[in-house]
Amino acid sequence: MSTTQLAAEAIRWYDENARDLPWREPGIGGWPILVSEVMLQQTPVVRVLPAWRAWLTRWPRPADLAADTPAEAIRMWGRLGYPRRALRLHECAVALVARHDGEVPTGLDELLALPGVGDYTARAVAAFAYGRRHPVVDTNVRRLVARAVAGEPDAGPATRPADLVATEALLPAAPERAARASAAFMELGALVCTARSPRCVDCPLAARCAWRASGRTAPPGPTRRPQRYAGTDRQVRGKLLAVLREATGPVPRARLDLVWSDDLQRSRALAGLIEDGLVEMLDDTCVLAGEQPSADG
DNA sequence: CATACGTGGTT
DNA sequence: TAACCAAGTAT
């Protein structure tokens with residue numbers, strides 16, 4: 001079977017070339033892996049590393065985080081971006097204590113029911129923490145499969161059930177080995193079969209790659225670009241939250257007024273943060289969610 | 001299915 | 001410098 005060979009080659013390469021990442025340490029546990037997966041959502045490895053270490057040092061078990069405030073979780077999140085993930089992780093910890101005896105569950109459905117855990121993360125935790133044989137499909141795997149198997153320059157814009165089927169077909173029968181294959185595919189996608197400039201010369205799958213065999217056809221024309229970051233509500237939210245993150249107590253509205261001059265947009269952004277549960281309003285001041293009143297008032 | 005959601009490094 | 005990119009999720 002040629003598909004089985006893809007996994008075999010990928011694993012062989014992975015054994016030699018995988019990065020030495022702390023959450024890959026054998027037996028590390030479900031919680032550290034869950035935290036790493038959530039942090040890695042849309043965030044580069046190099047920025048996650050220190051945050052992951054600090055987070056797990058402070059909250060080694062879900063119960064530790066559940067006992068602390070959401071505000072502290074948001075603070076520890078620092079500048080990783082998408083701070084709602086910190087809130088989701090805190091909610092996760094609370095749910096794990098309430099529903100799963102403080103442990104990260106092993107089943108896909110139970111994982112999927114956790115806040116901030118979607119299809120990718122549920123599969124990643126089940127496979128990498130518990131050795132379950134589930135296809136793990138992230139953007140790297142979708143790109144690699146699109147190229148190596150389908151011969152296309154890139155995967156489609158949205159995850160499709162077909163991606164799951166195509167990836168499942170590549171997995172070895174033995175669960176532990178399937179999980180290793182998934183890790184290998186992700187690592188290959190991250191380091192070799194990259195989006196911009198794939199390094200086919202270094203690719204262990206090159207000899208079997210359909211895209212390379214076709215002469216590396218170019219992707220279709222320009223896709224519609226999203227809005228620029230500068231000037232968006234997103235940027236304003238970031239500025240507002242940065243002030244609250246660094247403050248030790250309630251912040252007067254007047255101080256938040258300084259971060260953005262457009263009253264309408266600033267109000268809209270703040271309302272969004274409150275709506276998302278990241279920020280709370282107390283009288284004429286704002287605080288991070290669940291912030292405890294400081295002793296010194 | 002499109003869009004909102006942060007941040008900072010690379011090209 | 002502007003655009004692109006990085007282990008997605010929720011609506």
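Any value given below was found using the heavy atoms of this structure, including those in side chains, with hydrogens, waters and symmetry copies removed.
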Query raised in the report: Is a side-chain donor-acceptor pair under 3.5 Å present for A:Glu37 with A:Tyr120?
Result: yes

Query raised in the report: Mind checking the P distance from C:dA6 to B:dC1? Whole angstroms is fine.
Result: 22 Å

Query - Atom-to-atom span, NZ of A:Lys239 to C1' of B:dC5 - whole angstrom - result: 17 Å

Query raised in the report: Is there any side-chain hydrogen bond (donor to acceptor under 3.5 Å, both in side chains) pair reaching into residues 96-117 of chain A, and which pairs are they, with sequence neighbours excluded?
Result: A:Thr106-A:Arg132

Requested in this report: Would you please name every residue forming a salt bridge (Lys or Arg N to Asp or Glu O under 4.0 Å) with A:Arg53, sequence neighbours left out?
Outcome: none

Query raised in the report: If you measure from the Lys or Arg side-chain nitrogens to the Asp or Glu carboxylate oxygens, is any gap between A:Glu246 and A:Arg75 under 4.0 Å?
Result: no

Requested in this report: Starting at atom CZ of A:Arg75, determine the distance to atom P of B:dG6, rounded to an integer number of angstrom.
Outcome: 17 Å

Report task. Calculate the interatomic distance between A:Gln235 atom CD and B:dA4 atom C1'; express it in whole Å. Result -> 15 Å

**Report entry** Ion pair A:Glu152/A:Arg143, N-O distance below 4.0 Å
**Finding:** no

Query raised in the report: Rounding to a whole Å, what distance do you find between A:Leu241:CG and B:dG6:P?
Result: 8 Å

Query raised in the report: Under a 4.0 Å N-O cut-off, is there an ion pair linking A:Asp64 with A:Arg61?
Result: yes

Query raised in the report: Using a heavy-atom distance cut-off of less than 4.0 Å, which residues of residues 149-166 of chain A contact DNA chain C?
Result: none

Query raised in the report: When we call it a touch if two heavy atoms are under 4.0 Å apart, what does A:Arg234 touch: a base, just sugar-phosphate, or nothing?
Result: base

Report task. Answer with base, sugar-phosphate or nothing: what part of the nucleic acid does A:Arg268 contact at a heavy-atom distance below 4.0 Å? Result -> nothing

Report summary line: Taken to the nearest whole Å, OH/A:Tyr229 to C1'/B:dT7 is 6 Å

Report task. Return each pair, listed once, that meets ring-ring contact (aromatic ring centres under 6.0 Å, His included) where at least one residue sits in residues 19-47 of chain A; pairs must be two or more places apart or across chains. Result -> A:Trp23-A:Trp52

Query - Distance below 4.0 Å between A:Arg228 side-chain N/O and C:dA3 OP1 or OP2 - result: yes

Requested in this report: Identify whether the distance between the nearest side-chain nitrogen and carboxylate oxygen of A:Asp119 and A:Arg123 falls below 4.0 Å.
Outcome: yes

**Report entry** Atom-to-atom span, CG of A:Asp233 to C1' of B:dT3 - whole angstrom
**Finding:** 13 Å

Report summary line: With sugar-phosphate taken as primed atoms, P, OP1 and OP2 and all else as base, the protein-contact string of nucleotides 5-11 of chain C at under 4.0 Å (heavy atoms; B, S, -) is SBBBSS-

Query raised in the report: Can you check the A:Arg85 CZ to B:dT7 P distance for me, whole Å?
Result: 10 Å

Report summary line: Sorted by chain and residue number, the salt bridge (Lys or Arg N to Asp or Glu O under 4.0 Å) partners of A:Arg255 (sequence neighbours excluded) come out as none

Query raised in the report: With rounding to whole Å, what would you report as the distance between B:dT3 and C:dA7 at their P atoms?
Result: 23 Å

